[in-house]
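To start, the structure under review is shown below, and the notes come after it.
As a basis for the values below, the full set of heavy atoms in this structure was taken, side chains included, without hydrogen atoms, waters or symmetry mates. Computed from a predicted structure; not experimentally measured.
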Amino acid sequence: MLPDGTYTAIVDRIEDGIATLEVGTEDGLSALDIAAAELPANARTADVVLEITVADSALADVSPEPEETADRASEAQRRFDRLSKRPPQDDDDT
């Protein structure tokens, strides 16, 4: 379990009733597996950004961050759009 504190986490996946969260810590990313039922109903999907609080080595609070989730989705779409553009073709290659 993570040390007590407040963290930003992202729902990585939910499989067989277990939610795996990617949690940003001072040491980098850590994975945290919790029962999906511990998440609010509107946070039970991949890529939702959460603020979580750990107290006494247990998950004490989970709050979805809808604006952060939307910003993250928009940025991912922008990256995808940039990558999907074809480079200009050089007429000398014919």
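F80 belongs to no hydrophobic cluster, as no Ile, Leu, Val, Met, Phe, Trp or Tyr side chain comes under 4.5 Å of its own.
Applying the side-chain hydrogen bond (donor to acceptor under 3.5 Å, both in side chains) test to residues at least two apart or on different chains, the pairs with a partner in residues 64-79 are E75-R78, Q77-D81.
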Output a table of donor-acceptor pairs, distance under 3.5 Å, between side-chain atoms of residues 35-54 and any protein atom two or more places apart or on a different chain; print 'none' if there are none.
residue : atom : partner : partner atom : Å
R44     : NE   : A36     : O            : 3.2
R44     : NE   : L39     : O            : 2.9
R44     : NH2  : A37     : O            : 3.3
R44     : NH2  : L39     : O            : 2.8

Under 3.5 Å, side-chain donor or acceptor atoms of residues 13-25 against the rest of the protein: list the pairs with distances, not counting sequence neighbours.
residue : atom : partner : partner atom : Å
T20     : OG1  : D33     : OD1          : 2.7
T25     : OG1  : D27     : N            : 3.3
T25     : OG1  : G28     : N            : 3.4
T25     : OG1  : G28     : O            : 2.7

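Follow the hydrophobic side-chain contacts under 4.5 Å out from Y7 and you reach I34 in the same cluster. Under a hydrophobic clustering in which Ile, Leu, Val, Met, Phe, Trp and Tyr are joined whenever their side-chain heavy atoms come within less than 4.5 Å, directly or via other members, V62 and L2 fall into the same cluster.
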